[in-house]
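Single-structure report; data block below.
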There are 2 protein chains.
Amino acid sequence: MHKTLRNHFEEVIDLTDQEFAFALTKFEIKDFGKGDFIFQRDDIVEHAYFISSGLLKLSYFDDNAKEHIVSFAMENWWESDFNAFFTQSETTYYLKCLEATSVYYISLEGYRELSEELPKMKTFWLQKSNTGFVGSQRRILSLLTTSPKERYEQFLKEYPSLTQRVSKTQIAAYLGVSRETLSRLYS
Amino acid sequence: MHKTLRNHFEEVIDLTDQEFAFALTKFEIKDFGKGDFIFQRDDIVEHAYFISSGLLKLSYFDDNAKEHIVSFAMENWWESDFNAFFTQSETTYYLKCLEATSVYYISLEGYRELSEELPKMKTFWLQKSNTGFVGSQRRILSLLTTSPKERYEQFLKEYPSLTQRVSKTQIAAYLGVSRETLSRLYS
DNA sequence: CTGTTTTTGTGACCTAGATCACTAGTGTTG
DNA sequence: CAACACTAGTGATCTAGGTCACAAAAACAG
């Protein structure tokens with residue numbers, strides 16, 4: 001039971017059965033259907049989510065109601081609006097299920113308690129946070145330096161599996177190009 | 001002595017004199033002149049840098065030799081190519097001093113030892129990493145959703161002090177706009 | 001303080017990508 | 001399986017921002 005989460009932790013730190021069982025007490029589980037929102041603009045973001053199966057998008061709608069996708073998140077990824085989560089405040093994003101999705105979620109309090117009571121977890125969170133930070137910097141650079149075409153090719157290379165699961169419209173909103181331009185890239 | 005660094009730590013965690021003295025043993029100090037490179041493309045990035053005074057830019061040159069600025073870093077900021085640092089590998093960036101700059105720097109080994117031997121430091125690093133991650137996400141969103149003009153205004157609001165210290169050319173390279181377009185924004 | 005380099009503003013042009021509009025396919029769901 | 005709503009391709013514009021080129025003004029170094 002709970003293999004996905006345990007394996008995920010154990011990619012970074014070793015845990016005894018007791019330790020993992022303890023960690024688990026800080027999490028709850030929930031299933032969402034395709035199209036469900038985990039949170040929406042103006043919600044207080046109380047949790048961070050570990051996706052054990054399924055696919056989410058974290059997106060933002062600008063003043064012209066145009067959608068921009070901040071990130072996709074699939075199995076073994078963490079997702080939330082981490083800014084709103086850490087400050088327990090309202091988000092400006094939407095977190096929506098692109099497929100039926102199962103998550104483990106934890107509150108900020110749980111996150112803090114877990115970090116204090118099982119200090120190894122700090123190592124784990126630190127690792128994840130660093131990876132996330134480095135990944136965002138890569139994306140910034142990619143937005144600054146590359147053309148839509150190059151970005152699309154990078155995307156295909158980096159997330160080949162997503163290509164099957166996500167519509168081109170969504171990919172365009174992630175890459176920062178219009179749907180039409182994306183369509184014309186490979187013709 | 002070493003007030004900047006100590007205050008910086010103590011914004012997040014409390015340290016005894018002994019603890020701070022211990023932490024300090026993991027750092028070295030160095031001064032750079034204006035125009036000096038702290039590291040350049042193809043260097044192995046062995047250290048992370050805390051800036052006690054001065055101003056740096058972390059930048060990347062694309063295939064057309066056009067410069068893109070990933071970040072500016074000033075007093076009380078940490079800077080490095082964290083990807084290359086954590087993996088102790090060659091960077092594709094340049095880290096250059098825009099002003100004479102003094103830094104405290106630490107090796108990856110030092111970072112790990114410090115985290116293990118003074119576990120509070122993990123809390124500190126985790127805080128910094130989270131903040132960095134959240135900041136990068138904001139920048140991504142800003143690149144995806146806003147016009148050069150809006151980005152420039154955001155920049156002025158967010159870093160008013162930098163406006164005095166950095167040329168417009170550099171700001172343009174940070175915002176992802178051409179120098180000329182930036183110049184025309186406010187005319 | 002003087003020559004050299006860097007920065008800034010501006011004009012003239014050009015092009016990548018946005019937008020709008022329509023058609024045909026492909027799901028999804030009741 | 002029928003109806004409706006998304007998704008994808010493609011043509012016809014339009015335009016923000018890039019590029020090139022020059023000149024004035026600062027900043028800097030010897």
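Just so it is clear: chains get the letters A, B, ... in the order the sequence lines come, proteins before strands, and each one is counted from 1. Everything numeric in this text was worked out from a predicted model, so none of it was measured.
A straight line from OH of A:Tyr186 to P of D:dT7 spans 13 Å, rounded to a whole angstrom. Atom CG of A:Leu175 and atom P of C:dA16 are 18 Å apart (whole Å). Distance CG (A:Leu182) to C1' (D:dA8): 10 Å, rounded to an integer number of Å. Atom C1' of nucleotide C:dA16 and atom CG of A:Leu143 are separated by 16 Å, given to the nearest angstrom. In this structure, A:Lys57 atom NZ and D:dC6 atom P are separated by 11 Å, rounded to whole Å. Look at NZ on B:Lys96: it is 12 Å from C1' on C:dT6, rounded to the nearest Å. If you measure from atom CG of A:Leu98 to atom P of C:dG27, you get 16 Å, rounded to the nearest angstrom. Distance, A:Glu180 CD to C:dT23 C1': 14 Å, rounded to whole Å.
Take A:Arg6 and apply the salt bridge (charged side-chain N to carboxylate O under 4.0 Å, His left out) test, not counting sequence neighbours, and it matches A:Glu10, A:Asp17. With sequence neighbours excluded, the residues satisfying salt bridge (charged side-chain N to carboxylate O under 4.0 Å, His left out) with A:Glu19 are A:Lys120. When the side chain to side chain contact (heavy atoms under 4.5 Å, CB included) test is applied to B:Asn130, the partners found at least two apart in sequence or on another chain are A:Phe86, A:Tyr111, A:Ser129, B:Leu126. The ring-ring contact (aromatic ring centres under 6.0 Å, His included) test applied to A:His68 returns no partner, not counting sequence neighbours. Among residues two or more places apart in sequence or in another chain, the side chain to side chain contact (heavy atoms under 4.5 Å, CB included) test is passed with A:Thr87 by A:Asn83, A:Ser89. Every residue meeting the side-chain hydrogen bond (donor to acceptor under 3.5 Å, both in side chains) condition with A:Gln127, not counting sequence neighbours, appears here in chain and number order: A:Thr131.
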Each nucleotide N or O in nucleotides 22-30 of chain D that has a protein N or O under 3.5 Å away: list the pair and distance.
unit_1: D:dC28; atom_1: OP1; unit_2: B:Lys34; atom_2: NZ; d: 3.2

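Cluster partners of A:Leu143, by chain and number: A:Ile140, A:Leu144, B:Ile140, B:Leu143, B:Leu144. The rule joins Ile, Leu, Val, Met, Phe, Trp and Tyr whenever side-chain heavy atoms lie under 4.5 Å apart. Clustering of Ile, Leu, Val, Met, Phe, Trp and Tyr by side-chain heavy atoms under 4.5 Å joins B:Phe61 with B:Phe37, B:Tyr94.
Salt-bridge check for A:Lys26 with A:Glu109: failed, with every basic side-chain N at 4.0 Å or more from each acidic carboxylate O. Ionic pairing of A:Arg165 and A:Glu75 is present here: one or more N-O contacts between side-chain nitrogen and carboxylate oxygen are shorter than 4.0 angstrom.
Taken from CZ in A:Phe27 to NE2 in A:His2, the straight-line distance is 11.5 Å, to the nearest 0.5 Å. A distance of 11.0 Å separates NZ in A:Lys57 from SG in A:Cys97, rounded to the nearest 0.5 Å.
Taking a 4.0 Å limit (strictly below) on heavy-atom distances, residues 60-70 of chain A reaches DNA chain C at A:Lys66. Near-neighbour residues of DNA chain C inside residues 151-170 of chain B, defined by a heavy atom below 4.0 Å, number-ordered: B:Ser167, B:Lys168, B:Thr169.
Counting non-hydrogen atoms under 4.0 angstrom, B:Gly35 reaches nothing in the nucleic acid.
Contact between the side-chain N/O atoms of B:Thr181 and the OP1/OP2 oxygens of D:dG18 is found at a separation under 4.0 Å.
Aromatic rings from A:Phe72 and A:Tyr174 are positioned such that their centres are separated by under 6.0 Å.
From one end of the helix from C:dC1-D:dG30 to C:dG30-D:dC1 to the other, with five pairs defining each end axis, the axis direction shifts by 70° (rounded to 10°).
Under the side-chain contact (heavy atoms from CB on, under 4.5 Å) rule, B:Leu95 has a single partner from B:Leu56, B:Asp36, B:Asp81, which is B:Leu56.
You'll find a donor-acceptor pair under 3.5 Å spanning the side chain of A:Arg184 and the base of D:dG11, going by distance alone.
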